[in-house]
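Below you'll find the structure, written out as structure tokens, and then a few comments.
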Amino acid sequence: METRSTTSKLELRAENENLYIEGYFSVFNETINMYGDVYETIDKSAFDDSINNDIRALINHDHTLVIGRTSAKTLELKTDEKGLYGKITINPNDTDAKNLYERVKRGDVNQCSIGFFIEKESYDRSNDNEIIWTVEKAKLYEVSVCTFPAYENTRVEAREKTLKDDLENEKNRLRKRLENA
């Protein structure tokens, strides 16, 4: 299971008494520094085979806080040249969803993340010895509106110990991938 995050301009809409949170959950062909000289990008066709699956919208990757689902038609997903765009219809009777809507409305929460399994990837090594992994095909299983997305530069100091542990684990995993490539 992999998660990737991005800062996104989420939009709020009220239409016919319905509330929506919408925006880009992933941006394609954007190179993200994973650590050191290792980068990653997600190809624009990475989710083509899984975007029509039963995908959940979560709060902070918490599987107990489902606020939308494609099979229930409360989460709509589509891809375009920019990325993976989603629209979540907020249930006004769900206090978690309504509270999240209000946090996004105030600007306290404005970032997104995705959860997926990598099915196909490739890498290139630049002249500067940088490695760029490209996720070519992935099985998407969730999108999240989140407070602290997975990338290092979007985390806060209160999570520093966890961040260091997570980064060390990620470095070891990526080293193993390079050894096997």
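Quick caveat: nothing in here was measured; it's all calculated off a predicted structure.
The shortest distance between side-chain heavy atoms of L58 and L65 does not fall below 4.5 Å. Side-chain contact between L100 and I88 is absent, with no heavy atoms from C-beta onward closer than 4.5 Å. At a threshold of 4.5 Å between non-hydrogen side-chain atoms, the residues H63 and Y141 count as touching. Between V135 and W133, the closest side-chain pair of non-hydrogen atoms is not below 4.5 Å. By the 4.5 Å heavy-atom criterion applied to side chains, I42 and I32 are not counted as neighbours. A 4.5 Å side-chain heavy-atom check between V143 and L84 finds at least one atom pair inside the cut-off.
Salt bridge status for K120 with E136: present, with a side-chain N to carboxylate O gap under 4.0 Å.
Y35 and I132 sit in two unconnected hydrophobic clusters of ILVMFWY residues. Membership requires side-chain heavy atoms under 4.5 Å apart, directly or through other members. I51 and V66 are not part of a single hydrophobic cluster, where members link through side-chain heavy atoms under 4.5 Å apart.
A search for salt bridge (Lys or Arg N to Asp or Glu O under 4.0 Å) contacts involving K98 returns E102, not counting sequence neighbours. Taking D108 as the reference, R106 meet the side chain to side chain donor-acceptor pair (under 3.5 Å) condition, with sequence neighbours excluded. In this structure, D128 has no side chain to side chain donor-acceptor pair (under 3.5 Å) partners at least two apart in sequence or on a different chain. Checked against salt bridge (Lys or Arg N to Asp or Glu O under 4.0 Å), E130 has no partners two or more places apart in sequence or in another chain. Considering only residues two or more places apart in sequence or on other chains, R69 meets the salt bridge (Lys or Arg N to Asp or Glu O under 4.0 Å) condition with D54.
Residue C112 holds its SG atom at 11.5 Å from CD of E22, rounded to the nearest 0.5 Å. If you take CD on E40 and CD on E121, they are separated by 7.5 Å, rounding to the nearest 0.5 Å. The OG1 atom of T147 sits 10.0 Å away from the NE2 atom of H61 when rounded to the nearest 0.5 Å. Note that the NZ atom of K87 and the CD atom of E76 stand 4.5 Å from one another [nearest 0.5 Å]. Within the model, atoms CG of D96 and CD1 of I67 stand 9.0 Å from one another, a figure rounded to the nearest 0.5 Å. In this structure, CG in L19 is found 4.5 Å from OH in Y101, a value given to the nearest 0.5 Å.
The two residues I131 and R125 make their nearest non-hydrogen contact at CD1-NH1, 3.5 Å.
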Verdict with reasoning, N91 to T74, per side chain to side chain contact (heavy atoms under 4.5 Å, CB included): CA-CA 9 Å; N91 177 353; T74 54; over 6 Å; no

Evaluate the criterion side chain to side chain contact (heavy atoms under 4.5 Å, CB included) for residue pair L77 and L140; output intermediate values, then yes/no. CA-CA 11 Å; L77 294 172; L140 181 68; 4.1 Å; yes

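Remark: the S113 side chain and the Q111 side chain contain no N/O donor-acceptor pair separated by less than 3.5 Å.
Taking the six-membered ring for Trp and thresholds of 30 and 60 degrees, Y85 and Y24 have ring planes more than 60 degrees apart, a perpendicular arrangement. Taking the six-membered ring where the residue is Trp, F47 and F28 present tilted rings, their angle falling between 30° and 60°.
A side-chain hydrogen bond (donor to acceptor under 3.5 Å, both in side chains) check over residues 42-52, counting only residues at least two apart or in different chains, returns the pairs D43-S45, K44-E81, D49-K137.
Proximity of a side-chain donor or acceptor of N53 to a complementary backbone N or O of I55 within less than 3.5 Å is not detected. D80 contributes a side-chain N or O that, together with a main-chain N or O of K82, makes up a donor-acceptor pair within less than 3.5 Å.
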